[in-house]
Student: 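The structure that follows is given in the form of structure tokens.
In what follows, chains are A, B, ... by sequence order, proteins preceding strands, each numbered from 1. In this text the structure is predicted, and so the values were computed from the model without any measurement.
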Protein chains: 2
Amino acid sequence: MDKIDAKIVQALQEDGRLTNQDLAEKIGLSPSPCLRRVRNLEKAGIIKAYSATIDQKACGYPITCFVRIRLSIHTEDTIQKFEKIVEETPEILDCYLMAGGSDYQLRVVTGSLDEYEQLVRQTFQKLPGISSVETSFAYGVVKKSRVLPVKINT
Amino acid sequence: MDKIDAKIVQALQEDGRLTNQDLAEKIGLSPSPCLRRVRNLEKAGIIKAYSATIDQKACGYPITCFVRIRLSIHTEDTIQKFEKIVEETPEILDCYLMAGGSDYQLRVVTGSLDEYEQLVRQTFQKLPGISSVETSFAYGVVKKSRVLPVKINT
DNA sequence: TGATGATTGGCATATTATACCAGTTCGAGG
DNA sequence: CCTCGAACTGGTATAATATGCCAATCATCA
């Protein structure tokens with residue numbers, strides 16, 4: 001991850017559909033070595049994926065909420081069942097295991113409060129071993145960045 | 001947003017660099033109308049951007065944390081100064097305004113706990129009108145989806 | 001049924017990606 | 001200081017892809 005790689009990563013985060021030619025020009029390199037660097041970053045797993053960012057409302061999911069879930073039973077079985085449901089539920093976008101306690105924090109999208117209630121009932125309340133479910137609704141977005149900063153190693 | 005558009009949006013979330021030909025084949029359409037639909041979705045703002053997803057660790061930011069910040073003073077000036085700093089700080093990736101109280105929730109990346117401490121000191125503790133800063137560290141990621149589900153309208 | 005507007009598929013051209021080659025730079029070791 | 005070797009760079013030819021245009025098809029409504 002030298003200076004040029006950092007520029008490439010930065011540029012592709014800002015626009016993932018940049019043509020190789022435009023990218024090369026932007027970072028000050030000719031197309032050939034530029035493409036090779038991109039492929040290397042992909043192979044190395046530094047560039048993990050490309051994706052389109054979609055308008056949530058247009059997809060029918062105007063509401064974002066954060067859910068903190070605490071497990072009371074911490075057997076392998078309970079954890080696996082929980083994480084399986086997380087994985088299978090498309091409205092659950094992110095799930096982090098939080099330090100200090102056995103808390104999960106989820107980011108969930110939903111079309112309405114009713115739908116959210118349905119979701120919670122159909123997923124978590126069926127599971128054994130959940131001790132609490134706390135939901136915080138977001139009513140505004142101040143920032144939503146797709147661009148991670150990049151540190152230069154070499 | 002008919003069935004075909006939904007398929008397009010789905011596919012481009014999963015792979016934002018799909019060629020138009022592959023996309024067309026995947027959704028069962030010929031390239032021409034497929035491209036036109038994609039362009040329309042872009043113009044309509046439904047597809048908002050394309051971007052590469054990057055490995056956090058490789059960029060030097062292995063730690064993710066969530067920060068809840070409460071303002072004690074709610075003047076326009078305080079809010080604007082706060083949101084300006086949020087906007088200008090690249091380590092702050094997301095910032096949501098939360099319902100019930102004047103809380104913000106941030107998603108922040110950092111290279112180490114020391115760096116995090118520096119960040120908090122240099123940004124929030126300088127600002128007037130902040131009544132509390134609560135940080136939760138994530139020590140594991142169960143799920144991180146780039147694919148929002150899509151509802152069909154028409 | 002007939003007319004109209006939207007959508008589709010195919011084609012020609014312009015743009016882009018990719019593999020391959022030679023020239024260059026940089027660093028290690030003598 | 002010189003030589004060697006590896007890695008990187010830039011250019012080029014070819015293959016793949018995007019894009020604009022046209023006629024054909026489909027759905028809708030009178």
Student: Nearest whole Å is fine: how far is C:dA17 C1' from A:Leu18 CG?
Tutor: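 It is 14 Å, rounded to the nearest whole Å.
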Student: Distance check needed: D:dT19 P versus B:Gln21 CD, whole Å only.
Tutor: 11 Å
Student: Between atom CG in B:Asp22 and atom P in C:dT16, what is the gap in whole Å?
Tutor: 18 Å
Student: Roughly, in whole Å, what's the span from CG in A:Asn20 to P in D:dA16?
Tutor: 18 Å
Student: Taking the nucleotide of DNA chain D with the closest heavy atom to each, which residue, A:Asn40 or A:Ser32, is nearer the 5' end?
Tutor: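 Closest to the 5' end, via its nearest nucleotide, is A:Asn40.
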Student: A:Arg39 side chain: which of D:dA18, C:dT16, C:dT18 is closest?
Tutor: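 When the side chain of A:Arg39 is considered, C:dT18 is the closest of D:dA18, C:dT16, C:dT18.
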Student: Rounded to whole Å, how long is the line connecting atom OH of B:Tyr50 with atom P of D:dA18?
Tutor: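 So the two atoms are 11 Å apart, to the nearest Å.
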Student: Any link between B:Leu41 and B:Leu18 through a network of hydrophobic side chains (Ile, Leu, Val, Met, Phe, Trp, Tyr) touching at under 4.5 Å?
Tutor: yes
Student: Main chain of A:Thr89, side chain of B:Lys143: is a donor-acceptor contact present, judged purely on distance under 3.5 Å?
Tutor: yes
Student: Looking at A:Thr64 and A:Val109, would you say the former's side chain and the latter's main chain have a donor-acceptor pair under 3.5 Å?
Tutor: no
Student: Knowing that exactly one of B:Ile69, B:Asp94, B:Val133 qualifies, which makes a side chain to side chain contact (heavy atoms under 4.5 Å, CB included) with B:Leu106?
Tutor: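 The option that passes is B:Ile69.
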Student: For nucleotides 6-8 of chain C, list the nitrogen or oxygen atoms of the protein found under 3.5 Å from its nitrogen or oxygen atoms, one pair per line.
Tutor:
from, atom 1, to, atom 2, distance (Å)
C:dT8, OP1, B:Arg37, NE, 3.3
C:dT8, OP1, B:Arg37, NH2, 3.0

Student: Please evaluate residues B:Val86 and B:Tyr104 with respect to the criterion side-chain contact (heavy atoms from CB on, under 4.5 Å), reporting the C-alpha separation (whole Å), side-chain torsions for both, the decisive distance (0.1 Å), and the verdict.
Tutor: CA-CA 10 Å; B:Val86 166; B:Tyr104 290 95; over 6 Å; no
Student: Using whole Å, report how far CD1 of B:Ile27 lies from C1' of C:dG9.
Tutor: 13 Å
Student: Expressed in angstrom and rounded to an integer, what is the separation of B:Lys43 atom NZ from D:dT19 atom P?
Tutor: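 Atom-to-atom, B:Lys43 to D:dT19, this comes out as 11 Å.
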Student: Rounding to a whole Å, what distance do you find between A:Asp5:CG and D:dC8:C1'?
Tutor: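 About 12 Å, once rounded to whole Å.
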Student: Do B:Gln56 side-chain atoms and B:Tyr61 backbone N/O form a donor-acceptor pair below 3.5 Å?
Tutor: yes
